[in-house]
Colleague: 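Shown below is the structure under consideration.
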Amino acid sequence: MSEVSPAKAYALHLGVIALLFVLSFVLPDYHHGLLARIMVLAVFAMGYNMLFGYVGLLSLGHAMFFAAGLYGAGLSVIHLGWNVPAAFAAGIACGALLALVIGLLALRTTGVAFMIVTMMFAQVFYLIILYFAVWTGGDQGMVVPQPARVLVLGAASFDLTNPTVRYMMALTLFSIVLLVTLAVVRSRYGRVLVAIRENEERTKMLGYDTFSNKLGAVVLSGTICAASGAAYALLFGYVGSSFASVQYSILPLLWVLLGGGATTLGPLLGTLFMYYVIDITSGYTSAYLLIVGVALILLVLFSPKGILGTIRQRWLGWLP
Amino acid sequence: MTPLLTTKGLSRSFGGLRAVDGVDFALMPGEIRAVIGPNGAGKTTFVSLVSGRIQPSSGMIVFDGADITSLPAYVRVRQGIAYTFQITSVFANLSAYDNVALPVQRTLSDGRSKGAVRAGVMAALERTGLAGRAHMPAGQLSYGHQRLLEVAMGLALKPRLLILDEPTQGLADSEIDNFITLVREIARSATVLLIEHNMPVVMDLADRITVFNAGRILAEGTPEQIRENAAVQEAYLGTAP
Ligand SMILES: Nc1ncnc2c1ncn2[C@@H]1O[C@H](COP(=O)(O)OP(=O)(O)OP(=O)(O)O)[C@@H](O)[C@H]1O
Ligand SMILES: [Mg+2]
């Protein structure tokens, strides 16, 4: 936000990326696979954080943007036979377009109404996926055929079903989105978004068209979430309607709350933490969703700023 | 000379209450105009209509020759109407620096250069005597300093018309002297519309004074004329210090 210590902030983020890179070579198989998945989903959380953390708009429908990327990429491989880069781009484009339309409609409302409207749109999106089961596979979902999941770049080709390739692709996407997020929140645009969160009326009286700025944030957020969905389809080879369900709208909220809203690294931390909590508890009980709920309640009661938000408040004021 | 700002029959009611009631008003460029009147006279409502924060029930607002009645507030700000809030409305969780950076970065014509925001912010903070507190969260500033921060944000918009709604409320006497100097300085490049209860400040600064009462203009004139006006004394000055 403020113009102090950019070097520190960039060093920290590059350090995290370097650490994730090194982990690829030391982690046992199981955790290696899990972390690849977590990085892709952390991108989803970062996209959510862009809107919820920085602009203060609580959406309960972000599963539709993730699913738009997921189906946009997956179905263009399955039905149109597109290659990996084209399918990835298609997924992102679907999410961006959807976010633009949803933003134009939903931003007429604020607060609770915004939550309800986004949730309704996501529900419509979910039902559409089920309705067009012929193309989408309905509630069974569809598998993206293995032979199509090869990224050809010039002479080199990368098999996305290979765990190491998959990990590195996930890390690449994660790193790009992390650095883009950092750049955005440190920019003048980022300052305006935070101002809207803090006091929209006042921001207008400083000459800002807050509607356009919020619309930009919805599109950016939706696009990032769609990138996560598209990567998920291509890296893990499955598109399914459960990713469009309300659960996947609430999960990114939970990840962000846990890690710390309006912090650049909070989404990764929250996703990581939650994933391992679920991973561990689901070994003991099938009621892991109950644990998710309890976690949410405890969080709101005792640590509303999340892990990184609390650290920033107490010790490291410079954290972006 | 044509007026910078004119209103014709400007009205706004809240339920049955006519907070602003058929106001015809004109403001010349370069003027310092004070608006006075008892509590609830409609002063804040009037300037809120001018700035676009609220919509009129009827009437018309002309700024620099153009009808701005239906323009949204942010467009009016861009055209040069800056409003500082009576009820302090700084961004409490952001630093004083960031509070002022928001208006500075928007008015910057040379959008690229990195140092320009910093220079603009520090200039506005220095003019209001807040430079030493740039990195404090605005919410932790004293009330008087928050008032000054409001003024700094207004200044940073480089307005043609600066509306100040009771800016000296909560300022210490020493700060008020500096404030008077600051407004004089601002008035060299902008027209100032000043709502103020502190009569010495009004008498010292204003070229002309408009007196509001019950949503209407009761009187208008030079400070001397207003001081001598019997109706004004009855409605307002009689109760002033
Ligand atoms: N949003 C609102 N809703 C209902 N009534 C309002 C609203 N805003 C102002 N009023 C009423 O309109 C009248 C004029 O209020 P206004 O704030 O314009 O007065 P003022 O001259 O600025 O007073 P003060 O000197 O106390 O600031 C008051 O009776 C007030 O209660
Ligand atoms: Mg008032």
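Worth knowing before you read on, the calculation uses all heavy atoms, side chains too, and leaves out hydrogens, waters and symmetry mates.
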Colleague: Go through the atoms of L157(B) and report whether side chain, backbone, both or neither lie under 4.5 Å from a heavy atom of chain A.
Modeller: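 Side chain of L157(B) only, per the 4.5 Å heavy-atom cut-off to chain A.
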Colleague: D165(B) and T44(B): side-chain donor and acceptor closer than 3.5 Å?
Modeller: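 Yes, because at least one side-chain N or O of D165(B) sits under 3.5 Å from a partner of the opposite role on T44(B).
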Colleague: Under 6.0 Å between the ring centres of F85(B) and Y83(B)?
Modeller: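 Centroid distance F85(B)-Y83(B): below 6.0 Å, so yes.
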Colleague: Is any residue of residues 201-208 of chain A within less than 4.5 Å of chain B by heavy atoms, and which ones?
Modeller: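 Heavy-atom contacts from residues 201-208 of chain A to chain B are R202(A), T203(A), K204(A), M205(A), L206(A), G207(A), Y208(A).
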Colleague: If we ignore angles and hydrogens, is there a donor and acceptor under 3.5 Å between the side chains of H197(B) and E166(B)?
Modeller: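 Yes, side-chain donor-acceptor contact under 3.5 Å.
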Colleague: Surrounding CZ of R108(A) (heavy atoms of other residues, nucleotides or ligands, distance under 6.0 Å), is the total greater than 12?
Modeller: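 12 or below, so no.
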Colleague: Is the number of heavy atoms from other residues, nucleotides or ligands within 6.0 Å of CZ (F273(A)) greater than 12?
Modeller: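 No, CZ of F273(A) has 12 or fewer neighbouring heavy atoms, counting only those of other groups under 6.0 Å.
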Colleague: For the candidates A82(B), A101(B), A73(B), which exhibits the highest count of non-hydrogen atom pairs separated by less than 4.5 Å from chain A?
Modeller: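 Highest number of pairs under 4.5 Å: A101(B).
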Colleague: What class does the angle between the rings of Y248(A) and F66(A) fall in, given that below 30° is parallel, 30 to 60° is tilted and above 60° is perpendicular?
Modeller: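 Taking F66(A) first and then Y248(A), their aromatic rings lie parallel (interplane angle under 30°).
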Colleague: Hey, do the aromatic rings of F46(B) and F25(B) have their centres closer than 6.0 Å?
Modeller: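 Between F46(B) and F25(B), the centre distance is under 6.0 Å.
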